Amino acid sequence: MTPTVRRLREADVRPLVEELWLPFAREMEPVAERNRLADDVDLVAAGVAHREDRLDDDEALTWVAVDGGDLVGYAAASVESSAPAFAAGDRLHVGELYVREPYRGEGVAGDLCDRVDAAAAARGCERVTLDVDAGNERARAFYEKRGFDVARHRMVDRVDEK
């Protein structure tokens, strides 16, 4: 069966957190230090609360890829407005995109990105943006193939190491 992509529903929140977000977060932990998960937090409860808060936010959008009732991937994005002093228009920023095995390489991520692109156009956004961890070569190659260009480099300096 080919997965279908639709907006996140309230009933999807806990399965999204348990079956997609938490595995994604654990997979990304070794890629960059900023992805380290907290030890003193109920990760599922915090994730569910965060997603439920976003359900009623018109500027926060989440889509899920569903195959036979199972969630197999998701994309979460937020509208970011430019300050009035700048000529640049709004952008839709993808904060998260994840597809679980064995669906990787099967077009699911592309379908999720297509949905993001359509939402950006419908909202009058000028562009779609995202951040990719420097060590995530597979994601970088995917986004470059889709036409994303590097527009800036985010640099990090740890203040607790000074």
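The figures here come from the full heavy-atom set of this structure, side chains too, leaving out hydrogens, waters and symmetry mates. Everything quoted here is computed from the prediction, not taken from an experiment.
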Working for side chain to side chain contact (heavy atoms under 4.5 Å, CB included), residues Arg100 and Leu71: CA-CA 9 Å; Arg100 67 179 194 188; Leu71 302 182; over 6 Å; no
Walk me through it: do Tyr98 and Arg104 pass the test side chain to side chain contact (heavy atoms under 4.5 Å, CB included)? CA-CA 9 Å; Tyr98 177 75; Arg104 293 179 188 168; 3.1 Å; yes
Electrostatic pair [X]-[Y], nearest N-O below 4.0 angstrom:
{"X": "Arg154", "Y": "Asp131", "answer": "yes"}
{"X": "Glu80", "Y": "Arg91", "answer": "yes"}
{"X": "Glu29", "Y": "Arg26", "answer": "no"}
{"X": "Asp12", "Y": "Arg6", "answer": "yes"}

Do [X] and [Y] have side-chain heavy atoms sitting under 4.5 Å apart?
{"X": "Asp90", "Y": "Glu126", "result": "no"}
{"X": "Leu43", "Y": "Leu22", "result": "yes"}
{"X": "Arg115", "Y": "Leu61", "result": "no"}
{"X": "Val66", "Y": "Val72", "result": "no"}

Pair listing, salt bridge (charged side-chain N to carboxylate O under 4.0 Å, His left out) test, anchored in residues 38-54, at least two apart: Arg51-Glu96
Glu10 atom CD, over 12 foreign heavy atoms within 6.0 Å: no
Search all heavy atoms of [X] against all heavy atoms of [Y] and return the closest pair with its distance.
{"X": "Val116", "Y": "Ala75", "value": "CG2-CB, 4.2 Å"}
{"X": "Met28", "Y": "Asn35", "value": "O-ND2, 3.0 Å"}
{"X": "Arg127", "Y": "Ala88", "value": "NH2-CB, 3.6 Å"}
{"X": "Ala109", "Y": "Leu97", "value": "CB-CD2, 3.9 Å"}
{"X": "Ala120", "Y": "Leu92", "value": "N-CD2, 3.8 Å"}
{"X": "Val64", "Y": "Leu8", "value": "CG1-CD1, 3.8 Å"}

Please test Val108 against Val5 for side chain to side chain contact (heavy atoms under 4.5 Å, CB included), starting from the C-alpha separation and ending with a verdict. CA-CA 8 Å; Val108 177; Val5 176; 5.6 Å; no
Measuring from [X]:[atom1] to [Y]:[atom2], what's the distance to the nearest 0.5 Å?
{"X": "Tyr103", "Y": "Glu106", "atom1": "OH", "atom2": "CD", "value": "9.5 Å"}
{"X": "Tyr74", "Y": "Leu16", "atom1": "OH", "atom2": "CG", "value": "6.0 Å"}
{"X": "Asp111", "Y": "Thr2", "atom1": "CG", "atom2": "OG1", "value": "8.5 Å"}

With distance as the sole test, does Asp133 use its side chain to make a donor-acceptor pair with the main-chain N or O of Asn136 at under 3.5 Å? no
Donor-acceptor list for residues 141-151 side chains, cut-off 3.5 Å, not counting sequence neighbours:
{"unit_1": "Arg146", "atom_1": "NH1", "unit_2": "Asp114", "atom_2": "OD1", "d": "3.4"}
{"unit_1": "Arg146", "atom_1": "NH2", "unit_2": "Asp114", "atom_2": "OD1", "d": "2.9"}
{"unit_1": "Arg146", "atom_1": "NH2", "unit_2": "Asp117", "atom_2": "OD2", "d": "3.1"}

Do His93 and Thr129 have a side chain donor and acceptor closer than 3.5 Å? yes
Chi angles and distances behind the side chain to side chain contact (heavy atoms under 4.5 Å, CB included) call for Val132, Leu130: CA-CA 7 Å; Val132 180; Leu130 51 82; 3.4 Å; yes
